[in-house]
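Just so it is clear: chains get the letters A, B, ... in the order the sequence lines come, proteins before strands, and each one is counted from 1. Note that these values count all heavy atoms, side chains included, but never hydrogens, waters or copies made by symmetry.
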Amino acid sequence: MQLDETRLVALVRKGDQRAYSELVERHLPAIEVYAKRIVNDDTLAQDIAQDVMVVLWQRSSDFNPNKARLTTWLHRIAHNRCIDIMRKRQREVSWDPLESEHPLTEPDAPREQLPIDVALMRLPESQRTALVLTYYQNLSNREVAEIMNSSVRALESLLVRARGNLKKQLETQQ
Amino acid sequence: MNPDDKPQKRATDIITAYGAEQSAWPEAERAAMLDALQSSDELRQRLSEEASLDSLLQQSNRVATLDATQVAQQIARGLPQQLTLSQRLSRGLEVVAESLSSDIWKPTLAASLTLSAGIAVGSTTYEPVEDWSQAEQYSFTVVGEEYSDES
């Protein structure tokens, strides 16, 4: 039987490693994939995902189950980490996520970027985040708006622009 | 704008923002969306266009490669938790309560049994001493010296 997440978080607060492990197994894959789609850098995305899990271990008392689902809280942390890292890199060098200094490929299995992934990476950061959170991460529009610290109307506006730009990008690639 | 156009406009906005999949639409508006779709060819056309983009979005195949169990173990064993003062106090009290309810009972039981056994042995083999001077003589006799009644 799966324990309720609120109960698991309460156990994590008491230092229960099994409860923590259960939560990491439930949430780490989604956070890792989200970060990969946002920063387009596998190594960096894994670092971000692990950072988020460190926060879950060290600062679980900051999570309020009455305010949000755990997945929303974790996505918000991941979102903030992604933005911090991308903005920091943009300040340091004019960083293009499509040409990150970290290898985008696995050592012995070069991964070709699909046209849709290239098109997604060409979107402005906020449009990409809105689209990825809404389309791939199984979150409601309210939750996505909360993660992005925005309103639902502003989110919808971003989504309309994101999908429109995506179509243009894909047409250009053809 | 004609009031009758409002649901159509909203339906168009939703499809343009969230795509063609019903599961992506705001839950509260799904029923109205389905009604609007039934009565509008234009909306169905828009739905079909957005479905094409959705199918392209589904081609994106990013996968998770981290070992969740390993990550959890490394973090939980390697990093201390940052606790608030009340959590620290609460955890300290729990530790005391746990140790009282688990480990302390063993030495306590051992001491109790020894004491009980001593009392039992003492009470069953007790012989009252009438003449304490005799007992004192036994007690203060230097080892090796013979006890003499005459001293």
Side-chain angles (χ1 to χ4, degrees), chain A residues 12-18 20-34 36-37 40 42 45-46 49-50 53-54 56-62 106 114-117 119-120 130-132 134-136 138 140-142 152 155-164 166-167 170, chain B residues 9-21 23-30 46 49-88 90-95 97-98:
Chain A
V12 170
R13 282 177 192 159
K14 292 179 178 175
D16 189 317
Q17 295 189 9
R18 284 177 65 185
Y20 175 67
S21 196
E22 170 77 31
L23 288 177
V24 172
E25 278 169 30
R26 286 188 197 179
H27 294 281
L28 180 66
I31 297 295
E32 184 189 343
V33 169
Y34 165 69
K36 281 180 175 174
R37 286 203 168 98
N40 197 38
D42 287 0
Q46 288 180 342
Q50 289 182 78
M53 295 304 131
V54 168
L56 174 61
W57 174 245
Q58 293 193 315
R59 308 189 64 89
S60 57
S61 52
D62 290 354
E106 306 256 331
L114 292 166
I116 186 66
D117 288 325
L120 275 170
L131 193 64
V132 168
T134 306
Y135 196 82
Y136 295 109
N138 205 23
S140 73
N141 56 353
R142 283 177 194 276
V152 170
L155 168 71
E156 288 180 351
S157 170
L158 274 174
L159 287 170
V160 169
R161 280 184 277 152
R163 290 179 72 96
L166 208 55
K167 285 178 201 162
L170 290 165
Chain B
K9 169 77 172 65
R10 179 64 188 147
T12 308
D13 289 348
I14 286 176
I15 293 170
T16 313
Y18 298 99
E21 285 183 25
S23 59
W25 299 340
E27 206 173 337
E29 295 178 275
R30 271 179 216 161
R46 175 53 68 93
E49 286 168 20
E50 296 301 328
S52 305
L53 182 60
D54 286 346
S55 66
L56 288 169
L57 281 165
Q58 281 167 10
Q59 288 175 10
S60 173
N61 62 346
R62 303 281 183 156
V63 289
T65 49
L66 283 171
D67 182 337
T69 310
Q70 201 181 346
V71 168
Q73 283 176 356
Q74 281 173 351
I75 293 171
R77 288 177 186 168
L79 293 170
Q81 287 183 298
Q82 292 173 7
L83 304 174
T84 60
L85 182 63
S86 62
Q87 281 179 310
R88 272 185 238 151
S90 146
R91 195 176 285 186
L93 286 172
E94 277 172 19
V95 169
E98 273 173 27

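- The shortest side-chain heavy-atom distance between A:Q46 and B:V71 does not fall under the 4.5 Å cut-off.
- When the candidates B:D67, B:I14, B:L57 are compared by the number of heavy-atom contacts under 4.5 Å with chain A, B:L57 comes out ahead.
- Here the shortest heavy-atom pairing between B:A76 and A:Y20 reads CB-CD2, 3.9 Å.
- Between A:N141 and B:P26 the shortest heavy-atom distance is ND2-CG, 3.4 Å.
- Taking each heavy atom of B:A17 and A:L159 in turn, the nearest pair found is O-CB, 3.3 Å.
- For the options A:Q50, A:R59, A:M53, A:R37, heavy-atom pairs under 4.5 Å to chain B are most numerous at A:R37.
- Contact of A:L56 with chain B is not made at all, since no heavy-atom distance falls under 4.5 Å.
- Atom CZ of B:R62 and atom CG of A:D42 lie 6.5 Å apart (nearest 0.5 Å).
- A donor-acceptor contact shorter than 3.5 Å links the side chain of A:E32 to the backbone of B:L66.
- A salt bridge links B:R10 with A:E156: at least one charged nitrogen is closer than 4.0 Å to a carboxylate oxygen.
- Around atom CG of A:D62, more than 12 heavy atoms belonging to other residues, nucleotides or ligands sit under 6.0 Å away.
- Distance check, rounded to the nearest 0.5 Å: OG1 of B:T65 to NZ of A:K36 gives 3.5 Å.
- Both the backbone and the side chain of B:E50 come within less than 4.5 Å of a heavy atom in chain A.
- When heavy atoms are compared at a cutoff of 4.5 Å, A:A30 does not approach chain B at all.
- Between B:Y18 and A:T134 the shortest heavy-atom distance is CD2-CG2, 3.8 Å.
- Judged by distance alone, the side chain of A:Y135 and the main-chain N or O of B:D54 form a donor-acceptor pair under 3.5 Å.
- Among all heavy-atom pairs drawn from B:N61 and A:L114, the shortest one is OD1-CD1, 3.5 Å.
- A:L166 contributes atom CG, which lies 8.0 Å from atom CG of B:L56 (distance to the nearest 0.5 angstrom).
- Pairing each heavy atom of B:S60 with each of A:Y136, the nearest pair is CB-OH, 3.4 Å.
- Contact annotation for A:I31: neither backbone nor side-chain heavy atoms come within less than 4.5 Å of a heavy atom of chain B.
- Each of B:S23, B:A24, B:S52, B:G19 has some count of heavy-atom pairs under 4.5 Å with chain A, and the biggest count is that of B:G19.
- Remark: A:R18 CZ is loosely packed, at most 12 non-hydrogen atoms of other residues, nucleotides or ligands lying under 6.0 Å away.
- For the residue pair B:T69 and A:E25, a side-chain donor N or O sits within less than 3.5 Å of a side-chain acceptor on the partner.
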